[in-house]
Structures are given as structure tokens and as C-alpha cells.
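No experiment lies behind these values; they were computed from the predicted model shown. Numbers for residues simply follow the sequence, beginning at 1.
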Amino acid sequence: MDERVHPIRISMPLGGVVASERGERPLRSHFNGEVCAACNNGWMSSLEVSAMPVLTQGPRRGRITDAEATILARWFAKTAINLNVSQPFRLLVDGPSRHALATSIPDRFAVHLFRVRKQNGVFDWVQKSPDAASCPQAQIDGIRRLMELTLVTHIRIADLVAVVIHAPEPLRPTDVTPDGTARIYPLPDRLPAWEGLPFHDDYLGPFTHIDLI
């Protein structure tokens, strides 16, 4: 909680310039003021307790279990929602998805994992739109709007990185794919092994695209 971060907002339409910054601060200063005490001390606290052993165990070996995948996916989705609500970025996770997380993982989410070689502290994140899209010519205008409404969040905890997707209708979250990652939610037919997770040099590495062709 005392790790210091320096959040900035970059405008890609303006060529990647820094649009705003909040100054260096400890992670403990980031909180979602919209969370009520009942949720914060109830299901959110229980989820933190469940996720802690999965996030901190080491070294991780063997196939990721359904239970581990579900806990991680829900925890990373919760963290992506808190970042989206508390940081200076477009609010892209709608109310129904935010509230449904109290009992399950909302169906607009997908979560992918990979490992990273380069680390700077314990925690890093970025919120962005998908990097590219493939669609029929007649759908170009519509897909541009859907890209603006799709949230892609990279969240790094030490060497483990989750790419959390929240997709608006009519997109399915599985239509949005980060290259070189392993999906853990929606649960695939076969989950990856911890030691088999793809590696990237940087937590921003995977290129995310929407494929409607």
C-alpha cells in the first residue's frame, strides 16, 4: 500500500501527449468512494481473503484450477472496476456490471493472463481501448464506436499480469483478444498451467484486437 505511483492520462488522438497527471502518490490514496461499508467489509473483503493465497503463492506449479481461475477473474474484474471508477478515464463499466460483481463475474467480462519479465515495484496498470479491429467494410463506423466503449485493463501484480476486458453489447467479451495470453474466464475447456503461461518483456506487451470477420 505504500508503493508510490505516478498516474498519467495519455491522449492517443493527440499523438500520445500527456493530457493530465495526478502527481506521485502512494497506492493507498487510490480508493473508490462509491463503495458502501456493507460491500467493502462484506463480499469485497471475502474476495480479497480468497485471492491473496492465489496471488502470493510461489512458485506456482501445475494446472490452474477452476476455483483459482474463478477467484482470480473476479478479483481482477473488481480491481479493473475500481480503477475505472476512481481514475481520470472514461467510465466504461456500466452500473449493472459493477453491481453484479457482488455475487458473480458479470457476463460482459473476459480475463486473460500472462507473465512479465520487466517489473517496477509490485503493481502497475493501464486502461485503454482495443488497439485494432477487423470487421466488414459496412461495419466500420459501428466498430469505431464499440472500440471507444470497450475497456481493456492491464493489471500487473509482480510477474503476473491480467488483461481484463469489459465489452459493450452487441460485442461478446471473447470477441476482444489480447495476443499472446491465456484466457481464464470465461472458463475455457482446458485451463493453462502456471508454468505454461506466455511471457512478455513488458506488462503492456500484448496487442489487443476485435475480430468480427
Q: With sequence neighbours excluded, give me every salt bridge (Lys or Arg N to Asp or Glu O under 4.0 Å) pair touching residues 201-213.
A: Arg117-Asp201
Q: Output the distance between atom CG (Leu149) and atom CG (Asp94), rounded to the nearest 0.5 Å.
A: 10.0 Å
Q: Test of understanding: clusters of I, L, V, M, F, W, Y form through side-chain heavy atoms closer than 4.5 Å, transitively. Do Val164 and Val116 belong to the same one?
A: no
Q: Any donor-acceptor pair under 3.5 Å linking the side chain of His200 with the backbone of Phe114?
A: no
Q: Flag yes if more than 12 heavy atoms outside Asn120 fall under 6.0 Å of its CG atom; otherwise flag no.
A: no
Q: Any side-chain heavy-atom pair from Val176 and Thr208 closer than 4.5 angstrom?
A: yes
Q: Of the options Thr153, Ile157, Val163, which is the one that meets Phe76 in a side chain to side chain contact (heavy atoms under 4.5 Å, CB included)?
A: Ile157
Q: Are the side chain of Arg90 and the backbone N or O of Asn84 linked by a donor-acceptor pair below 3.5 Å?
A: no
Q: Heavy-atom distance under 4.5 Å between the side chains of Thr150 and Ser129, does that happen here?
A: no
Q: Does a side-chain heavy-atom distance below 4.5 Å link Thr174 with Arg183?
A: yes
Q: Are Phe123 and Leu72 connected in a single hydrophobic cluster, I mean Ile/Leu/Val/Met/Phe/Trp/Tyr linked by side-chain heavy atoms less than 4.5 Å apart?
A: yes
Q: How far does CG of Leu146 sit from CZ of Arg144, to the nearest 0.5 angstrom?
A: 12.5 Å
Q: Given side chains that start at C-beta, do those of Pro206 and His154 come closer than 4.5 Å, heavy atoms only?
A: yes
Q: Going by the rule salt bridge (Lys or Arg N to Asp or Glu O under 4.0 Å), which residues pair with Arg115 if we only count those two or more places apart in sequence or in a different chain?
A: Asp159
Q: Check whether more than 12 heavy atoms from other residues, nucleotides or ligands sit under 6.0 Å from atom CZ of Arg190, and answer yes or no.
A: no
Q: Nearest 0.5 angstrom please: Leu92 CG to Ile81 CD1, how far?
A: 12.0 Å
Q: Looking at Gln127 and Val152, would you say the former's side chain and the latter's main chain have a donor-acceptor pair under 3.5 Å?
A: no
Q: Tell me if a side-chain donor or acceptor on Arg60 pairs with a main-chain N or O of Leu55 at a distance below 3.5 Å.
A: yes
Q: How many angstroms lie between atom CG of Leu101 and atom CZ of Phe109, to the nearest 0.5 angstrom?
A: 6.5 Å
Q: Using the rule that two of Ile, Leu, Val, Met, Phe, Trp, Tyr join whenever any of their side-chain heavy atoms come within less than 4.5 Å, decide whether Val54 and Ile184 are in one cluster.
A: yes
Q: Can you find a heavy atom in the side chain of Val93 that is under 4.5 Å from one in the side chain of Val85?
A: no
Q: Apply salt bridge (Lys or Arg N to Asp or Glu O under 4.0 Å) to Glu48 and list each qualifying residue two or more places apart in sequence or on a separate chain.
A: Lys78
Q: What closest approach, in Å, do Met44 and Asn40 show between heavy atoms, and which atom pair accounts for it?
A: CB-O, 3.9 Å
Q: Just wondering, do Trp43 and Thr103 contact through their side chains at under 4.5 Å, heavy atoms?
A: no
Q: Answer yes or no: is there a side-chain heavy-atom contact under 4.5 Å between Leu160 and Leu197?
A: yes
Q: Do you reckon Ile165 sits in the same ILVMFWY cluster as Leu113, going by side-chain contacts under 4.5 Å, direct or chained?
A: no
Q: What I'd like to find out is whether the side chain of Pro173 reaches to under 4.5 Å of the side chain of Val111, using heavy atoms alone.
A: no
Q: Of all the heavy-atom pairs spanning Ser104 and Pro106, show the shortest one and how long it is.
A: O-CD, 3.4 Å
Q: Going by salt bridge (Lys or Arg N to Asp or Glu O under 4.0 Å), name the residues that satisfy it together with Asp131, two or more places apart in sequence or in a different chain.
A: Lys128
Q: Excluding sequence neighbours, so at least two apart, what forms salt bridge (Lys or Arg N to Asp or Glu O under 4.0 Å) with Arg63?
A: none
Q: Could you pull out all residues at least two apart from Leu212 that satisfy side-chain contact (heavy atoms from CB on, under 4.5 Å)?
A: Cys135, Gln139, Ile143, Leu171, Asp175, Ile210
Q: So, taking the atom named CD1 in Ile64 and the one named CH2 in Trp194, what distance separates them when rounded to the nearest 0.5 Å?
A: 4.5 Å
Q: Please answer: with hydrophobic residues joined when any side-chain heavy atoms are less than 4.5 Å apart, are Trp75 and Leu151 in the same cluster?
A: yes
Q: For the side chain of Tyr203 and the backbone of Ile155, is there at least one donor-acceptor N/O pair under 3.5 Å apart?
A: no
